[in-house]
Amino acid sequence: MKKLVVLSGSGISAESGIRTFRDMGGLWEEFDVMEVASPRAWEMNRSLVLRFYNERRKALASVHPNAAHTGLAALEKEFDVQIITQNVDDLHERAGSSKILHLHGELKKARCTVNEEEVCDIEGWELKEGDLSSGGYQLRPHIVWFGEPVTAIEEAIPLVNRADILLVIGTSLNVYPAAGLINYKRHDVPVYVIDPGEPQGIRSMKVTFINKKATEGIVDFIRMVKTNDLS
Ligand code: APR
């Protein structure tokens, strides 16, 4: 089976009702990223950070995967599909995708503030002061904050390099190292981009640009990729 690697961002979840970051009305219009998503924020105002992620986790319980998520899951019948997502929601999982790498963490998980290898599921939607790891230390959101290393990038790079087809969907390609993954594809590998806007630097790339929302663009993509790459 041909390897289809998908680099997704918040835009794929927009039509499920989850806010993006840099669009009009995006999260970073309302919150100062350094006050809710950085190690210093955790040191200075732990309750605000916990509240920011608790509210997003609570909202996640009332949204559902959309046709873009389910379309990608269905492609597993014809392709070896590897999702590499910048999203911390679980919509790819709930849509049925089986191979998902979260570059920036997972909203529904927590990790020990001392032993970062210790990761656990959050029961319900609230992570509170006093929720402790097995070692007795405060649990924190299992999210990669600004200024922290994206350790999963080391696993993502070889996955992109082995791709036969690369799909970029719903990301502004503003944030590195995730945005740099596209440079690790082999030179002859076709790149498709689905986005109603114009991701960073896309004009300088040789791509098939489907300038549509995820749920509409996925239909075009599936038709194209089945015609071009299954024949
Ligand atoms: N369908 C597809 N794409 C969409 C849709 C939609 N319905 N709506 C918006 N988009 C596109 C926007 O045009 C934009 O290109 O999704 C992208 C969203 O970009 P950002 O808000 O920058 O989100 P993202 O690229 O995922 O951000 C990357 O930045 O703040 C950090 O950790 C955070 O993982 C996040 C990272």
Side-chain angles (χ1 to χ4, degrees), residues 8-66 69 83-95 97 100-156 170-172 174-179:
S8 70
S10 62
I12 194 172
S13 299
E15 290 160 271
S16 293
I18 294 185
R19 294 167 72 177
T20 62
F21 293 95
R22 295 172 186 80
D23 285 326
M24 290 287 288
L27 269 173
W28 299 150
E29 267 189 11
E30 184 184 344
F31 294 93
D32 175 342
V33 59
M34 298 317 277
E35 283 185 4
V36 291
S38 69
R40 180 162 168 71
W42 178 252
E43 291 312 313
M44 301 301 285
N45 195 340
R46 184 169 296 187
S47 57
L48 173 62
V49 174
L50 286 170
R51 196 163 67 246
F52 175 69
Y53 288 99
N54 286 345
E55 282 169 19
R56 291 174 65 195
R57 198 173 299 114
K58 189 176 181 183
L60 190 50
S62 59
V63 300
H64 306 284
N66 62 52
H69 298 105
I83 309 281
I84 300 174
T85 187
Q86 299 169 84
N87 298 342
V88 295
D89 65 52
D90 61 345
L91 295 183
H92 282 300
E93 287 85 350
R94 286 162 53 192
S97 287
I100 304 164
L101 178 62
H102 284 270
L103 293 173
H104 295 162
E106 297 179 65
L107 201 48
K108 295 177 78 170
K109 292 185 178 171
R111 70 172 184 234
C112 177
T113 42
V114 174
N115 168 20
E116 305 226 322
E117 299 303 311
E118 183 184 331
V119 177
C120 59
D121 291 330
I122 296 172
E123 298 309 319
W125 57 272
E126 237 184 338
L127 183 62
K128 302 184 299 298
E129 291 270 10
D131 287 350
L132 305 180
S133 66
S134 60
Y137 300 102
Q138 174 66 44
L139 286 169
R140 58 163 273 186
H142 181 46
I143 301 289
V144 178
W145 285 329
F146 282 86
E148 294 187 317
V150 179
T151 51
I153 203 74
E154 296 310 322
E155 186 181 345
T171 175
S172 62
N174 258 307
V175 171
Y176 286 78

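Note that the structure is a prediction, hence the values are computed from the model and not measured. Values below: every heavy atom of this structure, side chains too, minus hydrogens, waters and symmetry copies.
Every residue meeting the side chain to side chain donor-acceptor pair (under 3.5 Å) condition with Glu15, not counting sequence neighbours, appears here in chain and number order: Thr215. Every residue meeting the salt bridge (Lys or Arg N to Asp or Glu O under 4.0 Å) condition with Arg94, not counting sequence neighbours, appears here in chain and number order: Asp90. Lys58 meets the salt bridge (Lys or Arg N to Asp or Glu O under 4.0 Å) test with no other residue; sequence neighbours excluded. Listed by chain and number, the residues in a side-chain contact (heavy atoms from CB on, under 4.5 Å) with Val150 are Leu103, His104, Val144, Ile153, Pro177 (sequence neighbours excluded). With sequence neighbours excluded, the residues forming a side chain to side chain donor-acceptor pair (under 3.5 Å) with Asn45 are Ser47, listed by chain and number. Residues forming a ring pair (Phe, Tyr, Trp, His ring centres under 6.0 Å) with His142 (at least two apart in sequence, or on another chain): none. In this view, Glu106 and Lys109 satisfy the salt bridge (Lys or Arg N to Asp or Glu O under 4.0 Å) rule, not counting sequence neighbours. Remark: Ile122 pairs with Arg57, Ala110, Leu127 by the side-chain contact (heavy atoms from CB on, under 4.5 Å) rule, at least two apart or across chains. Under the side-chain contact (heavy atoms from CB on, under 4.5 Å) criterion, Thr171 pairs with Gln86, Val168, Leu173, not counting sequence neighbours.
Among all heavy-atom pairs drawn from Pro141 and Trp42, the shortest one is CD-CZ3, 3.9 Å. Among all heavy-atom pairs drawn from Asn66 and Ser13, the shortest one is ND2-CA, 4.2 Å. Minimum heavy-atom separation, His64 to Leu91: C-CD2, 3.7 Å.
No donor-acceptor pair under 3.5 Å is formed between the side chain of His92 and the backbone N or O of Ile100. With Ser16 contributing its side chain and Val63 its backbone, the two residues share no donor-acceptor pair below 3.5 Å. Checking side-chain atoms of Ser8 against main-chain N and O of Ile12 turns up no donor-acceptor pair under 3.5 Å.
Rounding to the nearest 0.5 Å places CG of Asn87 at 3.5 Å from OG1 of Thr85.
No side-chain heavy atom of Asn115 sits less than 4.5 Å from a side-chain heavy atom of Tyr137.
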Side-chain donor-acceptor contacts of residues 21-37 below 3.5 Å, not counting sequence neighbours, with atom names and distances?
from	atom 1	to	atom 2	distance (Å)
Asp23	OD2	Thr20	OG1	2.9
Glu29	OE1	Gly25	N	2.9
Glu29	OE2	Gly25	N	3.3
Glu30	OE1	Arg19	NH1	2.6
Glu30	OE1	Arg19	NH2	3.0
Asp32	OD1	Met34	N	2.7

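Shown here is Arg40, whose CZ atom has no more than 12 heavy atoms of other residues, nucleotides or ligands within 6.0 Å.
Screening Val88, Asp89, Ile18, Ile143 against Arg56 for a side chain to side chain contact (heavy atoms under 4.5 Å, CB included) leaves a single residue, Val88.
Pairs of residues two or more places apart, or lying in two chains, that qualify as salt bridge (Lys or Arg N to Asp or Glu O under 4.0 Å) and include a residue from residues 145-154 are Arg111-Glu148, Arg140-Glu148. Residue pairs meeting the salt bridge (Lys or Arg N to Asp or Glu O under 4.0 Å) criterion with at least one member in residues 118-133, sequence neighbours excluded, are Lys128-Asp131.
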Quick one, His102 with Glu93, criterion side chain to side chain donor-acceptor pair (under 3.5 Å). Give me CA distance, side-chain angles, the key distance, then yes/no. CA-CA 11 Å; His102 284 270; Glu93 287 85 350; 2.6 Å; yes

Step-by-step side-chain contact (heavy atoms from CB on, under 4.5 Å) determination, Tyr53 to Leu107: CA-CA 7 Å; Tyr53 288 99; Leu107 201 48; 3.7 Å; yes

For the pair Leu60 and Trp125, evaluate side-chain contact (heavy atoms from CB on, under 4.5 Å) and give the outcome as yes or no after the intermediate values. CA-CA 9 Å; Leu60 190 50; Trp125 57 272; over 6 Å; no

